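Throughout, protein chains are lettered first and strands after them, A, B, ... in sequence-line order, and every chain is numbered starting at 1. Values below: every heavy atom of this structure, side chains too, minus hydrogens, waters and symmetry copies. The structure presented is a predicted model; accordingly, all values stated were derived computationally and were not measured.
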Amino acid sequence: MSEPAVELRDVTKVFASTRGDVTEEVYAVQDMNLEIAQGEFFTLLGPSGCGKTTTLRLIAGFERPTRGEIFIQGRPMSKVPPNLRPVNTVFQNYALFPHLNVARNVGFGLEVRRVSRSERERRVHEALEMVQLAEMSNRKPSQLSGGQQQRVALARALVNQPAVLLLDEPLGALDLKLRKAMQIELKQLQAQVGITFIYVTHDQEEALTMSDRIAVMNKGRVLQVGDPVTLYERPASHFVADFIGESNFFRGVVEAVSGQVVELRVGGARVQATASDSPPSPGQEALFAIRPEKMRLAVSEEDLGLHGTIQEVIYIGTDTRYIVSVEAQPPVAVRVQNGCGIAPQEYRRGEAVQLFWLPEDAHLLAD
Amino acid sequence: MEHPKRLLALIGPPGVYLTLFFLLPLGIMAVFSFRAGTIGEARNVFTLEHYRQFIANTAYHRLLWRSSLIAFGIASISTLLAYPLAYFLAFQAGERKLTLMTLIIIPTWTSYLLRVFAWKLILGTNGLLNTFLLSLGIIDRASPILLYSRNAVMVTLVYVWVPFVALPIFAALERIDRSLLEAAADLGCKPWQSFLRVTLPLSAPGIIAGFFFCLIPTLGEYVTPLLVGGGQGAMYGNLIQDQFVRALNWSMGSVMSLAMLLAVIVLLALFSRMGSFSKLLEL
C-alpha cells in the first residue's frame, strides 16, 4: 500500500512553438520528479505558464511526455490513452456537455462503461446528493449557476470512483465568497471519499487552505515540495518565499556561523538568520527572508537590531502595516496585529525605530 | 423615442425589399391561380378550375413526390459527403484550414451553368468518363445512359451542393469546445464514442441547416434536369417552367408552384414537430 498513487519520473514536456520561420523549443515541464501518495490532497501551485496545467494534462493523458515516464498506481502510462487511465478530470471551464441534462452529464462515464441502468441511476443520484444538486438532475447545464456547474463537473468525475481526481483550477471562475466555501467543501469531500486529489491553482491561499502537500512550480520546474506549514515557515528559495505569502528580503555578509545559526552584517547592524541546509561560510554574501508578521518594532536606547524610519502607516482593521525604510535595503513591511493591549498605530510616520526578529524566523535562501 | 426610429431604419430597407420581391410576387401568383386565363378577358374570370385539375391529375402528384424523393436523396448524399469534409477542415486541417476552405469555395465562384455543363462533358457518350472506362477496358462500348438520366441529375446537383452544405456543418463543428472532447475521453470514450456522443449531436444544428439549405432549392430545381436530366430526369420544376414558358398557362403554373410551397412547409412542419429541430437550436 506504500506504492504512490502517481509518480512522475524525469518527466519533460517540450512544445515546439513556431513564430514566423523560427521554430523554438519551449520547455513546459522540465525534469519533473514527484511522488503523490494514496489519498493525498496534492496541489501544483505556481504562476500562469509555470507548467502546472501541462503536468495535469500529462497525468490525464491529453499530452504525452517528451521524455520520462508517468506511473499511476505503479503502472507505466506512456502507452495508455486517456480513456483507459484510472483518473478523471474536473476541467477549468467545467466542460459540461451542453446537450445533456445534469443527470446524463453525471452518468456519462458510467454509460460509456456500460454500467447497468439501475446501478447507474443509483450512483448518479448518490453523486448528485453528495454535491447537493439532486433536485437539479433534469436541468441543462446552461440553466445552472457557475457554482452549480462546478458541482456537476465534480460529481461527473467522482461518480466513476477514479483512483486519482485531477482538478484544473476548478474554483477559478467563482466569486470570492463562493470560492472560500467551496474550498472547505472540497477538502471535506476529499477526506470523505478518500480519493487522491491533484489540484492545480495559482492561488497560494487556496493551496494552503486545502492541501496536504504542495509543489511550488516556476518555469516548468518544481522548486519545493512540502506541507503548507513547511512551505510558509521554511521557504527554500527566493521564489517560494515571495510567491507564498509576503516576505521581506535582506542581503548581508556572513560574519560567523554556529550550527545552523548564521550571523550576518546588514548595513551597520549585526543580525541573525537560520540556514535550512548547509550554512554559508564567513565572508560570503547571503540572502534571507522574514515574514512581515514575524518582525517586531521597538524603540530602544541600546544599539540593537536593524535601524529604520517609519515611512508609511497603513491601518487595515485587524492589523496595522508599517513600511519601514532601512539604509541600503528595499523598504521593509512589518505587520502588527491590533490585538489585546496593543494600541493601533503605535508608531508615527518619520519615527526612528529598530527592527527585531527571532533567528529561526529569518531563513537563508538558496538564491 | 430614438429607439423605434432606429429600429425602423434597420428593418425598413430589408422589409421593403422582401415585400416588393417576395411577398408581392407570391400574392400575384396567388391571384393568377384563380384566373381562368393568362391573357385577355379570361384574366378577369374567377375560377377554381386549375385547382380541380391539379387535384385530379395524379401525374402531377407523382412527379412532385418523385422530385421530393430526388431532392431528399440529393440533400442526404450531399450532407453525408459534406460532413467528413467539414470535419476534416474543423478538426484535422490545423493551420491550413483557411487555405483549404478557400480552395473548396473558389470553384463555386464560377457560373453555376458552367459547372453543370462541365458534367455534360464528363458524362456524355464521348465524355471523359466513357473514354476513361473504355481505355481501361472496363466497358467495351461507350454508354449513352450516363447522361440524360435521373442519376446524372443527382450526381451533378450533389457536386454543386457539397461545398454549400459543408459550410454550416463546418461552422457548427468549429463552435464545439475542444475541452468537451477531452472530457469525453477522460470519461472513458474511445474516439468513435466521443464522436457519436458529443461531436455528432453538437453539430446537428449545422447538419440540419445544411440539409435544408440544399433540400428546398433542389426541390424546385429545373436548370440541371433540363441540361443533364433528359426526359427521365425531369423534375417538378421543369413542369412548372413548361406551364409558364411553353403552355403559357400561368394559372396552372401558379397552382403548381403554390402546391410545392405547401409541400415544403409541410416538410418543415413535420421536421420541427419531431422536436429535434427546435430543441437542437436551443444549444
Side-chain angles (χ1 to χ4, degrees), chain A residues 16 18-19 53 56-57 59-63 80-101 104-115 120 124 127 140-143 149 152-162 164-169, chain B residues 83 86-87 90-100 168-211 271-272 274-283:
Chain A
T18 312
R19 194 161 291 169
T53 294
L56 204 71
R57 292 174 59 81
I59 299 170
F62 303 137
E63 307 283 354
V80 183
N83 54 309
L84 297 178
R85 296 192 181 197
V87 302
N88 283 115
T89 307
V90 177
F91 291 85
Q92 188 168 14
N93 62 355
Y94 316 138
L96 298 177
F97 303 115
H99 57 302
L100 303 177
N101 67 20
R104 288 204 62 198
N105 260 285
V106 175
F108 192 92
L110 300 175
E111 216 177 301
V112 171
R113 294 199 167 91
R114 298 179 180 280
V115 173
R120 198 166 75 218
V124 166
K140 283 280 180 73
S142 57
Q143 295 167 303
Q149 290 183 24
V152 174
L154 195 64
R156 183 179 71 174
L158 280 174
V159 77
N160 304 295
Q161 296 163 351
V164 181
L165 187 73
L166 307 172
L167 303 102
D168 186 8
E169 307 220 17
Chain B
Y83 197 94
Y87 186 91
F91 287 100
Q92 309 288 326
E95 286 169 10
R96 296 165 300 163
K97 199 181 293 184
L98 273 179
T99 319
L100 291 173
I169 299 175
F170 172 76
L173 288 170
E174 276 282 282
R175 270 203 309 272
I176 296 176
D177 183 352
R178 297 304 189 262
S179 67
L180 293 178
L181 301 175
E182 289 186 345
D186 187 73
L187 293 165
C189 280
K190 296 186 185 82
W192 64 268
Q193 287 173 312
S194 300
F195 174 77
L196 286 182
R197 286 175 181 274
V198 179
T199 312
L200 194 61
L202 287 177
S203 58
I207 298 174
I208 291 167
F211 181 82
F271 213 87
S272 54
M274 275 156 61
S276 43
F277 197 53
S278 50
K279 219 185 246 174
L280 284 165
L281 289 182
E282 271 171 30
L283 287 183

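- Neither the backbone nor the side chain of S142(A) comes within less than 4.5 Å of any heavy atom of chain B.
- Of the two parts of R156(A), the backbone and the side chain both hold a non-hydrogen atom closer than 4.5 Å to a non-hydrogen atom of chain B.
- Between G188(B) and R113(A), the closest heavy-atom pair is CA-NH2, 3.7 Å.
- Ranked by non-hydrogen atom pairs under 4.5 Å with chain B, the options P82(A), A95(A), P81(A), A153(A) are led by A95(A).
- Here CZ of F97(A) is found 9.5 Å from CZ of R197(B). Values are rounded to the nearest 0.5 Å.
- Only the side chain of F62(A) comes within contact range of chain B, with at least one heavy atom under 4.5 Å from a heavy atom of that chain.
- Atom CG of L84(A) sits about 7.0 Å away from atom NZ of K190(B), to the nearest 0.5 Å.
- Nearest heavy-atom pair across V112(A) and C189(B) is CG2-SG, 3.4 Å.
- At a heavy-atom cut-off of under 4.5 Å, chain A is reached by D177(B), S179(B), L180(B) from residues 171-181 of chain B, listed in order of number.
- Residues meeting the ring pair (Phe, Tyr, Trp, His ring centres under 6.0 Å) test with Y83(B), sequence neighbours left out: F195(B).
- Only the side chain of Q193(B) has a heavy atom closer than 4.5 Å to any heavy atom of chain A.
- Proximity to chain B (any heavy atom under 4.5 Å) is shown, for E111(A), by both the backbone and the side chain.
- Residue L166(A) does not touch chain B at all, counting heavy-atom pairs closer than 4.5 Å.
- Residues N88(A) and D186(B) are in side-chain contact: their nearest non-hydrogen atoms beyond the backbone lie under 4.5 Å apart.
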